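Notes to accompany the following structure.
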Amino acid sequence: MRPLPTLAALAAGLLPALVAQPVSAAERQPFEIVKGWEVERTVGDTSANPCIMTHAYEDKDDNNAANAVVFALQGSSAALVLVYQGWDFDKEQVVKVPLFLDKKPIKVKTSWIGDGKTLRTQLPDSVVPDLLAAKTVILRFEDSDADFRIPDFAAGYESLRRCDATPAKSAAVAAPAAPVEPPAPSQQRIAAYVIGLSVQRVLKECDIPTTGKQRAGVEARMAALQPEMAPIEAQVRSELKRNGESCPAADRQADFQEILRKFVELSPEDLVAALEKQPAPEKSPNAPADPKL
């Protein structure tokens, strides 16, 4: 699924086709968020209506499909963009479809322009009172209706008008500096985290004598590693599950206790270095070829 912020940005990026100044979605600054509507100002737009309002959400009644509604004023007209994850229109495809606000048909002559997962149109601003009173925008296709929720549209619209009326030099709160991406974890730290996941599983599922101090040490070490491993954790857990898991055999429990001790006491880098230097244990004739922790 395309994430909601991406869909909202996609919709916002189409508004320049409906308004005067062609600028990209990246050239907008936040004004405020009001009851689920995000209001932004177009940087450098000196027109009377430089702002847009966006409501993005997931529809739980439609397999959590992503939806977005974008609205802006432009003189005596209004721009409306609808985004739905399930659509797939040709670029600039003309779509004739009636518009309803709740159960009320909006009798205006307009065409919708499709582009992938979006439809956009331009309406007279006389439709605004109906939007203020509505909770749902509905497009009535031949085979089904496409419903878009617009809760608290009036609150978002009031914010939009404030944004339009605010002088550009003070209209938008300065956009926060882009966060610095943390460096990718090293192979040693990833290896230590994999060891830690295996140790956690053994402590949870296997009959291994341990102390409360040891268990607390494991949890503290994993808590310190988890934030940097979050982007790859699902993949790591999937690989561990795919490779199979088992409890240490009776003759391997001493080895596990040593790994547990080192995991708690050593840094991730020192842990992996120590295990790499450790000679492989001798296998008994009956030992499995590839014993797991």
Side-chain angles (χ1 to χ4, degrees), residues 8-25 27-56 67-83 89 92-115 118-140 146-172:
L10 172 64
L14 288 172
L15 279 172
L18 303 175
V19 297
Q21 296 192 16
V23 294
S24 69
E27 295 175 289
R28 292 190 173 91
Q29 291 180 332
F31 181 73
E32 61 185 5
I33 297 176
V34 178
K35 293 189 176 182
W37 290 91
E38 181 178 1
V39 179
E40 299 172 290
R41 184 186 183 92
T42 302
V43 176
D45 188 342
T46 58
S47 71
N49 303 110
C51 301
I52 67 171
M53 55 187 280
T54 303
H55 175 59
N67 295 255
V69 179
V70 185
F71 180 84
L73 294 171
Q74 180 61 26
S76 61
S77 64
L80 180 64
V81 180
L82 303 176
V83 186
F89 295 107
E92 300 302 309
Q93 178 180 345
V94 177
V95 179
K96 297 287 188 178
V97 59
L99 168 66
F100 288 75
L101 295 177
D102 294 339
K103 296 181 180 181
K104 180 179 180 178
I106 304 302
K107 298 180 180 180
V108 295
K109 292 184 178 180
T110 185
S111 293
W112 294 84
I113 306 300
D115 188 353
T118 70
L119 282 176
R120 69 182 189 268
T121 194
Q122 208 163 12
L123 303 167
D125 62 2
S126 60
V127 78
V128 169
D130 292 318
L131 282 165
L132 293 173
K135 294 183 179 179
T136 310
V137 174
I138 301 172
L139 298 186
R140 184 145 294 169
D147 301 350
F148 294 84
R149 296 197 294 268
I150 52 170
D152 299 299
F153 185 91
Y157 181 76
E158 181 181 347
S159 175
L160 178 74
R161 295 305 300 266
R162 287 198 304 272
C163 179
D164 280 343
T166 303
K169 62 181 180 180
S170 60

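Being a predicted model, the structure only gives us computed values, none of them experimental. Position 1 is the first residue of the sequence; numbering continues from there.
With hydrogens and angles ignored, the 3.5 Å screen pairs no side-chain donor or acceptor of N67 with any backbone N or O of F148. The main-chain N or O of V69 is never found under 3.5 Å from a side-chain atom of H55 such that the two would form a donor-acceptor pair. With R41 contributing its side chain and T166 its backbone, the two residues share a donor-acceptor pair below 3.5 Å. A side-chain donor-acceptor contact under 3.5 Å links T110 to the backbone of Q122. Looking at W37, its side chain never comes within 3.5 Å of a backbone N or O of S159 through a donor-acceptor pair. Under a 3.5 Å cut-off, the side chain of S111 and the backbone N or O of V94 do not form any donor-acceptor pair.
Between D45 and N49, the shortest heavy-atom distance links the atoms OD2-O, 4.0 Å. Taking each heavy atom of L101 and V127 in turn, the nearest pair found is CD1-CG2, 4.1 Å. The heavy-atom pair separating V39 from C163 by the smallest distance is CG1-CB, 3.8 Å. In terms of heavy-atom proximity, V108 sits nearest to P124 at CG1-CG, 4.0 Å. Summarising the geometry of C51 relative to A72, their closest heavy-atom pair is O-CB, 3.6 Å, with the distance given to 0.1 Å. The two residues T118 and F89 have their closest heavy-atom pair at O-CD1, 3.7 Å.
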> Should F71 and T54 be marked as a side chain to side chain contact (heavy atoms under 4.5 Å, CB included) after you check the CA-CA gap, both sets of side-chain angles, and the distance that decides it?
Replying inline: CA-CA 7 Å; F71 180 84; T54 303; over 6 Å; no

>> Run R120 and E92 through salt bridge (charged side-chain N to carboxylate O under 4.0 Å, His left out) and show every step you take.
In response: CA-CA 10 Å; R120 69 182 189 268; E92 300 302 309; 3.1 Å; yes

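Between the CD atom of E40 and the CD1 atom of I52 there is a distance of 5.0 Å, given to the nearest 0.5 Å. Between atom CG of residue D115 and atom CD of residue Q93 there is a gap of 10.0 Å, rounded to the nearest 0.5 Å. One distance of note links CG of L131 with CG of L123; it measures 7.5 Å at 0.5 Å rounding. F31 contributes atom CZ, which lies 12.5 Å from atom CD of E38 (distance to the nearest 0.5 angstrom).
The closest side-chain heavy-atom distance from D102 to K135 is below 4.5 Å. Using a 4.5 Å heavy-atom cutoff, the side chains of L73 and L160 are in contact. Considering only heavy atoms from C-beta on, L132 comes within 4.5 Å of Y157 through its side chain. Looking at T136 and I150, their side chains never come closer than 4.5 Å, going by heavy atoms from C-beta outward. You'll find the side chain of L139 reaches within 4.5 Å of the side chain of L119, heavy atoms only.
Taking D130 as the reference, K104 meet the salt bridge (Lys or Arg N to Asp or Glu O under 4.0 Å) condition, with sequence neighbours excluded.
Atom CZ of R161 has 12 or fewer neighbouring heavy atoms from other residues, nucleotides or ligands inside a 6.0 Å radius.
A cation-pi contact links R140 to F100, judged by a cut-off of 6.0 Å to the six-membered ring centre and 45° from its axis.
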